[in-house]
Amino acid sequence: MASSKIIIYQIFSRLYGNSCQARKPFGTIEENGCGKFNNFSPKVLKQIRELGTTHVWYTGIIRHATMTDYTKYGIPLQHPAVVKGRAGSPYAITDYYDVDPDLAVNVEKRMEEFEKLINRTHRAGLKMIIDFVPNHVARQYKSVAKPEGVVDLGEDDNPENGFDPQNNFYYCPGQSFAPYFDLYHGELFPYEETPAKATGNDCFHNAPGINDWYETVKLNYGVDYYAGRIGHFDPIPDTWKKMLNILLYWAAKGIDGFRCDMAEMVPAEFWAWVTPQVKEQFPGIIFIGEVYNPQEYRRYLSSGFDLLYDKVGMYDAVGDVLRHHRDTGAITWAWQQTDDIKDHMLYFLENHDELRLASDFFVGDAWKALPGFVTCVLMQQNPFMLYAGQEWAERGMDQEGFSGLDGRTTIFDYWSLQEDRDEKLTAYYKKVLNIAQTNKAISDGTMFDLMYANGQYRRQFAFFRKSKKDTLLVVSNFDDVPVTMGLTIPAHAFEYLGLAEGSYQATDLLTGKETQIELSCDGAVGIDLEARGSVILKI
């Protein structure tokens, strides 16, 4: 891992550059428009870099199932019964060797347009991350762009075997795909699949429900779920080899990292086998794992992952504190659970799966989330991820179509982000992210949590960050009213940080305001905080 602070900017590619504001529910690409690779101009990428980011995760790059007809370009049409939304889920991959034609100005040159985006991103001083979706593919997966000599997924399978270590899919022999709900909306021909393949969310029968990932099929990594999850990894399963080739294909284009979707649904043995091979050929490439079970964190890190989502720990804790469901002790508890692997935990407050902070289902006002943002960005050395729109108060309160009104930005529909953007909020985000980038106390320094000595403050959170030359005191107020804290600095903080007692000139990096503070063992420092406000005091 790099020693500088990594800030990942997640962009849902088809939405970000879309200037069409028609926003017709269930609208087609012609009606609602779609962002393009070309929207990420040098000027736009420069602005993204100046926001304080180091990496861009372009979400939805690899070609996935959609209702839009591209058959004139040799791209197979997907049956609408097994596509979620008109635009389709970016996690129902239809061709691992192709890019989404929606994103191209010239569909026939879509890969060339993407390769130019890689170059523009790098020239802007940014690194590029794309999704790798290893657990499942679209039901009608068929590669039309695979390199010569590549055998397609399932092409050599024996579907008479429900499980075979060398099959790419799991099957339900003698049974047709027959979901427990009505898939059809007047289509001329029904969707047919015989024998039925197992569904992506480990649904190993022919009749998934409406809440299953019914549009996907599970990939077989040599684990026999029918016999109680017994692994058959010798000889190496065929799926492992195919996935290695896919990773090497994208890495060779200059990708700097992969965000691996539902990584924990793929055996750790595969990751331990594949990641060293990719990194040997492409040193510096990073693997980010979507892993939700804390009991599995260390196992997946030891299998080659560089970063893991900190969802059920830090994300859930900060979200609860922001909504006053728990006190700030939850934040202390969260970082302590992963203290031994803290540099590998990816903090975030939004992503494509989660509620928008400003939605009515979360805090309803993006400014109320700022103490959580400041805490997550500045508390540790580990990376932070920002979801495009978070910094201008995108609310996710649209009823886009398949997605519905759920406080999230749709990943299934052709849509656009809001025109009304809070520029003052953006400026705040930019200031904090750039503090994280430029201050050694954040990128390289030690953290000392002050809350064990300040337990009377249940809606405030305070910590020191210190490197050799820089010392920061960061204090945030999660309450809806202003507060004046008498912040106790325990003697252990001076010992642990190598901090000397005395009178110090302190500057709030958020406002530029200067103040004199007295630091003494077990003494109190007066800190004035606005409602939902923070101070970042450089001492």
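Because the structure is a prediction, the values reported are computed rather than measured.
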The reported gap from NZ in K468 to OG1 in T446 (rounded to nearest 0.5 angstrom) is 11.0 Å

Run the ring pair (Phe, Tyr, Trp, His ring centres under 6.0 Å) check on Y221 and F270 step by step: do they pass? CA-CA 8 Å; Y221 284 82; F270 163 74; 4.9 Å; yes

Would you check if D420 and W392 make a side-chain contact, meaning some heavy-atom pair closer than 4.5 Å? no

D306 and K279 ion-paired at < 4.0 Å: yes

Does atom OH (Y452) have a neighbourhood of more than 12 heavy atoms from anything else shown, all under 6.0 Å? yes

Mind running ring pair (Phe, Tyr, Trp, His ring centres under 6.0 Å) on F478 and F461 for me, showing each step along the way? CA-CA 8 Å; F478 288 79; F461 193 75; 7.3 Å; no

Exercise: identify the closest heavy-atom pair between Q21 and E419: CD-CG, 3.3 Å

F114 vs Y58, ring pair (Phe, Tyr, Trp, His ring centres under 6.0 Å): CA-CA, chis, key distance, verdict: CA-CA 11 Å; F114 174 65; Y58 293 101; 7.6 Å; no

Please report the shortest heavy-atom distance between G200 and W213, naming the atom on each side. C-CE3, 3.5 Å

Rounded to the nearest 0.5 Å, what's the gap from CZ on R120 to CD on E113? Could you check? 8.5 Å

Any salt bridge linking D98 with R110? Criterion: basic side-chain nitrogen under 4.0 Å from a carboxylate oxygen. yes

Quick one: closest heavy-atom pair of A268 and Y300, and the distance? N-OH, 3.7 Å

Parallel, tilted or perpendicular: rings of W240 and W273 (30°, 60°): tilted

Heavy-atom side-chain proximity of L126 to I48 below 4.5 angstrom: yes

Validation row: K116, F37 side chains within 4.5 angstrom (heavy atoms): no

When you check the gap from the basic side-chain N to the acidic O, do R299 and E296 get nearer than 4.0 Å? yes

Determine, stepwise, if the pair T410 / F12 fulfils side chain to side chain contact (heavy atoms under 4.5 Å, CB included). CA-CA 9 Å; T410 179; F12 199 78; over 6 Å; no

Quick one: do D256 and H122 satisfy side-chain hydrogen bond (donor to acceptor under 3.5 Å, both in side chains)? Show the steps, please. CA-CA 10 Å; D256 301 293; H122 288 158; 2.6 Å; yes

What do you reckon, is NZ of K466 surrounded by more than 12 foreign heavy atoms closer than 6.0 Å? yes

Contacts satisfying salt bridge (Lys or Arg N to Asp or Glu O under 4.0 Å) that involve residues 312-335 (not counting sequence neighbours) are K311-D316, D320-R323, D320-R326, D327-R458

Gap between atom CE of M385 and atom OH of Y9 - 0.5 Å precision: 12.5 Å

Might you work through the side chain to side chain contact (heavy atoms under 4.5 Å, CB included) test for I6 and H55, ending with a clear yes or no? CA-CA 7 Å; I6 292 175; H55 294 61; 3.7 Å; yes

Does L308 reach the side chain of L301, with side-chain heavy atoms less than 4.5 Å apart? yes

Under the side-chain hydrogen bond (donor to acceptor under 3.5 Å, both in side chains) test, residues paired with W250 that sit two or more places apart: none

Carboxylate-amine/guanidinium proximity below 4.0 Å for D261 and R259: yes

Looking at R532 and D479, is any side-chain nitrogen of the basic one under 4.0 Å from a carboxylate oxygen of the acidic one? no

Measure from NZ or CZ of K253 to the centre of the six-membered ring of Y249, then state whether that distance is under 6.0 Å and the direction lies within 45° of the axis. yes

What is the ring orientation for F305 with F287, classed by angle as parallel under 30°, tilted 30 to 60°, or perpendicular over 60°? perpendicular

Contacts of D508 meeting side-chain hydrogen bond (donor to acceptor under 3.5 Å, both in side chains) (sequence neighbours excluded), chain-then-number -> T511

List the atom of P371, the atom of L322, and the distance in Å for their closest heavy-atom pair. CG-CD2, 4.2 Å

Heavy atoms of A366 and L425 approach each other most closely as CB-CD2, 3.6 Å

Check this for me: E280, atom CD, are more than 12 non-hydrogen atoms of other residues, nucleotides or ligands nearer than 6.0 Å? no

So do the side chains of L15 and T409 get within less than 4.5 Å of each other, counting heavy atoms only? yes

Return yes when atom NZ of K538 has more than 12 non-hydrogen atoms of other residues, nucleotides or ligands closer than 6.0 Å, and no otherwise. no

Step through the shown structure and confirm whether more than 12 heavy atoms of other residues, nucleotides or ligands are within 6.0 Å of CD on Q336. yes

Mind checking whether I539 and L473 have side chains closer than 4.5 Å, heavy atoms only? yes

Roughly how far apart are K368 NZ and H324 NE2, rounded to 0.5 Å? 8.0 Å

Closest approach of I61 and S13, non-hydrogen atoms and distance? CD1-OG, 3.8 Å

